[in-house]
Amino acid sequence: MVWIVTLLYLVLGVLDLCGKQNLSRTVKYLAIWLCFLLSFTNPPNRTARLLTTALFFTVLADSFLLNPNGIYIVGIACFCVVQGIYLVFLWQKTGRTFWPIRCLAAIGICFLPTVSLLARFSCVYFSQLFLNACQSMGCRNQPGGRLFSNGLWLFCLCDICVALSNLGNFLPRCIVYWAGVYIWLFYLPSQLLIVFSAAAGTTTKGEP
């Protein structure tokens with residue numbers, strides 16, 4: 001299954017470069033489903049189940065975001081749930097949540113002037129992802145922690161590319177184009193690393 005995902009990764013890169021967006025979306029959706037299914041091959045313990053649940057909401061989010069007629073704010077909401085699950089995972093690993101910083105970031109974004117609801121929601125989501133990525137640095141020395149942390153940082157790079165690809169009115173066309181190409185070139189590896197982190201032993205020994 002890993003080889004299939006790798007092949008799809010190469011295929012979607014070529015399709016994006018060739019401008020075959022409709023076919024590319026289909027390949028991307030299939031690839032993220034395979035990542036979700038791959039998570040079931042991890043050891044049946046609490047942490048693996050937690051990451052599988054996060055991947056389920058990831059698939060749900062992409063069901064809305066990859067659909068040209070999708071309800072994007074619902075997709076972002078699903079990704080917020082994903083970051084909430086990753087926060088639980090990080091709390092189990094580090095014993096910290098940094099709730100004051102997280103709440104201040106979310107409240108500050110909500111009061112940004114002249115910003116659409118979707119943009120506010122997206123900024124709240126990204127702030128939580130970025131804080132999760134920062135917090136994951138504290139578990140890099142634990143089994144599987146480095147894979148999980150690298151996955152979150154690739155996730156951040158993916159979302160930065162999403163933001164750049166939506167700034168066509170402010171950025172040169174070449175930057176917008178390549179940002180769009182790199183979205184999934186960062187995103188799919190990030191999901192695979194998160195899956196592999198459980199298989200690498202992200203749980204404590206003897207955990208049910």
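All heavy atoms count here, side chains included; hydrogens, waters and symmetry mates do not.
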Test F56 against V59 for side-chain contact (heavy atoms from CB on, under 4.5 Å), laying out the working first. CA-CA 5 Å; F56 168 75; V59 170; 5.6 Å; no
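- Cluster membership for Y72 and L117, using ILVMFWY side-chain heavy atoms within less than 4.5 angstrom, is shared.
- Ring geometry for F130 against F126 counts as parallel: the plane angle stays under 30°, on a 0 to 90° scale with 60° as the upper cut.
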Please step through side-chain contact (heavy atoms from CB on, under 4.5 Å) for the pair D62 and Y187, ending with a clear verdict. CA-CA 11 Å; D62 286 326; Y187 179 57; 2.6 Å; yes
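- Rounded to the nearest 0.5 Å, atoms OG1 (T94) and CZ (F89) are 9.5 Å apart.
- In this structure, CZ on R173 lies 13.0 Å from CD1 on I175, to the nearest 0.5 angstrom.
- Between atom OG of residue S197 and atom CG of residue L51 there is a gap of 5.0 Å, rounded to the nearest 0.5 Å.
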May I have the list of side-chain donor-acceptor pairs in residues 143-161 shorter than 3.5 Å, sequence neighbours left out?
| unit_1 | atom_1 | unit_2 | atom_2 | d |
| --- | --- | --- | --- | --- |
| S149 | OG | S136 | OG | 2.8 |
| S149 | OG | R140 | NH1 | 2.9 |
| N150 | OD1 | R140 | NH1 | 3.0 |
| N150 | OD1 | R140 | NH2 | 3.2 |
| N150 | ND2 | R146 | O | 3.3 |
| W153 | NE1 | A133 | O | 3.4 |
| D159 | OD2 | Y125 | OH | 2.5 |

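- Contact record, A54 with V82: O-CG2, 3.4 Å, taken as the closest heavy-atom pair.
- Note that the CG atom of L34 and the OH atom of Y29 stand 12.0 Å from one another [nearest 0.5 Å].
- L87 belongs to a hydrophobic cluster with W99, counting contacts under 4.5 Å between side-chain heavy atoms of Ile, Leu, Val, Met, Phe, Trp and Tyr, direct or through other members.
- Counting heavy atoms from C-beta outward, I194 and Y86 have side chains that approach closer than 4.5 Å.
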Evaluate the side-chain contact (heavy atoms from CB on, under 4.5 Å) criterion for residues L188 and C35: first the C-alpha distance (whole Å), next the side-chain angles of each, then the deciding distance (0.1 Å), finally the verdict. CA-CA 8 Å; L188 190 53; C35 288; 3.6 Å; yes
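- Shown here for Q92 and T47, the closest heavy-atom pair between the two residues is OE1-OG1, 4.2 Å.
- Heavy-atom minimum distance, R120 versus I109: O-CG2, 3.5 Å.
- The line from CD of Q191 to OG1 of T58 is 5.0 Å long, rounded to the nearest 0.5 Å.
- Closest non-hydrogen pair, N67 versus S63, comes out as CB-O, 3.6 Å.
- Rounded to the nearest 0.5 Å, atoms CD1 (I71) and CG (L65) are 11.0 Å apart.
- Linking Ile, Leu, Val, Met, Phe, Trp and Tyr whenever their side-chain heavy atoms come within less than 4.5 Å puts L118 and F64 in one cluster.
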Between T41 and V195, does the side-chain contact (heavy atoms from CB on, under 4.5 Å) criterion hold? Intermediate values first, please. CA-CA 9 Å; T41 65; V195 172; 5.6 Å; no
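- Hydrophobic cluster membership is shared by L37 and L30, with clusters built from Ile, Leu, Val, Met, Phe, Trp and Tyr side chains linked at under 4.5 angstrom.
- Grouping the Ile, Leu, Val, Met, Phe, Trp and Tyr side chains by contacts below 4.5 angstrom, directly or via other members, places F121 with V81.
- Using modelled atom types, one side-chain atom of Q135 and one backbone atom of R96 make a donor-acceptor pair closer than 3.5 Å.
- The shortest side-chain heavy-atom distance between F36 and I32 does not fall under the 4.5 Å cut-off.
- Taking hydrophobic clusters as Ile, Leu, Val, Met, Phe, Trp and Tyr residues chained together by side-chain heavy-atom distances below 4.5 Å, I85 does not share a cluster with W91.
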